K.L.:
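Questions regarding the structure given below will be posed in turn.
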Amino acid sequence: MLIKKLQEKMNVLERSDLLRHKWIAQSQTGTQQMLLSATQLNPSEQTLFCSNDYLGFANHPDILYALKEGVDHWGGGSGASHLISGHMRPHEELEVMLSQLFLRLIPDNRCLTFSTGYMANLAVMTVLGDASSEIFSDELNHASLIDGIRLSKGKVNIYKHRDYDALDNLLSNSTADTRLIVTDGVFSMDGDRANVDVLQKLAHKHDAWIVVDDAHGYGVIGDEGLGSLESEQLICDRVILVGTLGKSAGLSGAFIVAHQTIIEYIFQTARSYIYTTAPLPAISYALLKSLDLMHGDAGRQRRGHLRVLEHHLRCGLSDLLGKYPAAGLSISDSVSPIQAVIVGQSQRATDLSDGLNDLGFRVPGIRPPTVPIGTSRIRVTLSADHSIDDVDRLMNAFRILFNKII
Ligand SMILES: Cc1ncc(COP(=O)(O)O)c(C=O)c1O
């Protein structure tokens with residue numbers, strides 16, 4: 001009965017063109033990767049425009065060297081959860097480093113690290129979203145924030161994407177003793193950004209706090225790469241910042257930086273921190289190197305190149321889309337290495353993504369429920385390891401496919 005029910009549910013997904021397939025990578029990540037899809041017999045070399053390795057740090061020789069050194073010094077697994085015996089010196093040093101990096105933006109802060117961003121978001125939302133709290137969440141927030149909110153006990157309000165007047169109204173009507181505004185810093189499927197400056201003003205006006213998930217901003221935005229908060233040049237005394245370490249930092253993990261009392265309470269009570277094995281200490285050890293590079297000249301230079309690529313891609317895409325005014329295509333309002341071509345129906349996104357694959361590019365089609373119905377898209381992500389020539393080749397592939405499909 002169960003098997004039959006599940007099969008029927010998957011048949012429905014298939015008929016709506018919403019079934020997901022896996023790709024098996026046959027080589028390390030980078031701008032070029034050998035990939036094998038479920039529908040191919042042999043792997044093919046693809047130019048990747050889908051990785052979150054924005055700075056190209058996943059294969060940086062100094063970081064890989066540090067990772068090996070970390071294994072030599074600290075061994076393999078941590079052996080236990082953080083609060084039993086798994087919290088080792090590299091974990092601690094990473095937290096101290098991150099805390100200091102953000103000190104001028106988030107005063108009186110402390111940092112707590114996690115195995116993944118998903119777990120960090122669950123921790124923040126379940127711990128702070130208690131029964132006397134009210135949560136105000138942007139409708140396009142990442143699934144991990146949404147799941148954290150679903151697990152919380154707070155009253156939930158969803159506001160229209162970046163509609164801060166609507167948010168102001170909702171906050172005015174709140175009588176809760178804790179008000180939590182929750183937003184992505186850089187929205188993961190559009191590449192546009194929350195206005196942290198406005199949110200901070202609203203937080204002061206309504207005695208609220210802001211949870212900023214900066215998974216896609218950290219390392220990418222700001223001269224030092226501190227992310228969405230840095231570019232606003234604010235003192236973010238009302239911000240609880242979540243950042244991930246598996247994207248720009250090229251490894252894995254996540255952190256929360258916030259006022260020390262908030263962090264201490266998360267440390268004491270968050271189930272996704274307490275009841276899980278601490279990550280490999282070698283990863284934290286290598287992250288120390290990665291962050292050193294990321295916030296120094298190497299990171300600065302790579303961020304500069306990313307800006308050039310973003311501009312080149314956006315100009316090329318808007319020229320190209322201008323040639324198909326009746327096709328109902330648009331590009332997202334992005335100011336980041338995430339650039340989305342919104343095509344509407346799922347089938348169209350799948351056809352374009354498959355077509356790009358045949359031409360040697362892995363650029364995923366993103367469909368509901370990841371994005372709202374009718375806004376399926378091709379999501380291009382850039383890496384500092386791409387060249388202008390890579391982007392030109394991608395544009396050419398789009399041109400070929402638009403002529404054929406649109
Ligand atoms: C905005 C955002 N937040 C959180 C996460 C989760 O981070 P992690 O992959 O480290 O679990 C992701 C994606 O992975 C993301 O895009």
Side-chain angles (χ1 to χ4, degrees), residues 20 22 29 48-55 57-58 91 94 98 111-126 137-152 161-162 180-194 196 199 210-221 227-229 239-258 266 270-273 276-280 283-284 286-287 290-291 294 332 334-340 364 366-367 369-372 377 379-383:
R20 298 173 189 258
K22 72 177 165 192
T29 191
L48 236 59
F49 278 100
C50 57
S51 157
N52 301 316
D53 179 22
Y54 297 119
L55 299 181
F57 275 4
H91 297 122
L94 179 62
L98 281 159
C111 171
L112 195 65
T113 53
F114 288 76
S115 298
T116 69
Y118 194 100
M119 292 160 82
N121 279 337
L122 289 196
V124 173
M125 296 318 308
T126 51
S137 175
D138 189 292
E139 65 179 343
L140 295 190
N141 279 341
H142 189 257
S144 55
L145 281 175
I146 295 172
D147 290 356
I149 291 169
R150 286 179 181 162
L151 281 175
S152 79
H161 182 47
R162 294 198 302 166
L180 295 170
I181 302 166
V182 183
T183 184
D184 281 13
V186 172
F187 287 87
S188 56
M189 293 301 137
D190 292 82
D192 58 342
R193 290 174 51 194
V196 183
L199 290 175
I210 319 161
V211 176
V212 179
D213 172 355
D214 212 17
H216 298 277
Y218 179 59
V220 169
I221 289 172
S228 300
L229 307 190
V239 169
I240 297 145
L241 177 70
V242 179
T244 59
L245 299 164
K247 298 181 169 42
S248 294
L251 288 158
S252 72
F255 62 88
I256 307 174
V257 174
I266 294 173
R271 298 171 71 85
S272 62
Y273 179 76
T276 187
T277 302
L280 263 65
I283 296 176
S284 298
L287 278 166
S290 168
L291 300 200
M294 182 153 107
S332 61
S334 168
V335 276
S336 75
I338 302 168
Q339 303 282 334
I366 309 285
R367 301 158 296 169
T370 309
V371 292
R377 63 200 60 196
R379 178 179 180 265
V380 180
T381 53
L382 294 164
S383 155

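Just so it is clear, the values below take in all heavy atoms, side chains as well, and ignore hydrogens, waters and symmetry mates. For ligands, and for the atoms within them, numbers begin at 1 and follow the listed sequence. Model, not experiment: these values are computed from the prediction.
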K.L.:
At a 4.0 angstrom heavy-atom cut-off, what protein residues surround ligand 1?
P.N.:
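Near ligand 1, by chain and number: Thr116, Gly117, Tyr118, Asn121, His142, Ser144, Asp184, Ser188, Asp213, Ala215, His216, Thr244, Lys247.
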K.L.:
With Tyr218, which of Leu229, Leu98, Val242, Thr244 fulfils side chain to side chain contact (heavy atoms under 4.5 Å, CB included)?
P.N.:
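When side chain to side chain contact (heavy atoms under 4.5 Å, CB included) is applied between Tyr218 and each of Leu229, Leu98, Val242, Thr244, only Leu98 qualifies.
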K.L.:
For the residue pair His161 / Asp190, report whether a side-chain donor-acceptor contact shorter than 3.5 Å exists.
P.N.:
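No, no side-chain donor-acceptor pair sits under 3.5 Å.
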K.L.:
Within a strict 4.5 Å, meaning less than it, do heavy atoms of the Ile221 and Val335 side chains meet?
P.N.:
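Result no, sub-4.5 Å side-chain heavy-atom pair not found.
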K.L.:
Taking atom types as modelled, find out whether Asp138 and Thr183 have a side-chain donor-acceptor pair closer than 3.5 angstrom.
P.N.:
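No, Thr183 and Asp138 have no side-chain donor paired with an acceptor closer than 3.5 Å.
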K.L.:
Please list, chain by chain and in numerical order, all residues satisfying ring-ring contact (aromatic ring centres under 6.0 Å, His included) with His142, sequence neighbours excluded.
P.N.:
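If we apply the ring-ring contact (aromatic ring centres under 6.0 Å, His included) test to His142, skipping adjacent residues, there are no hits.
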K.L.:
Quick check: does any side chain N or O of Arg379 sit under 3.5 Å from a backbone N or O of Cys50, one acting as donor and the other as acceptor?
P.N.:
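No, the answer is negative, given that no donor and acceptor are paired below the 3.5 Å cut-off.
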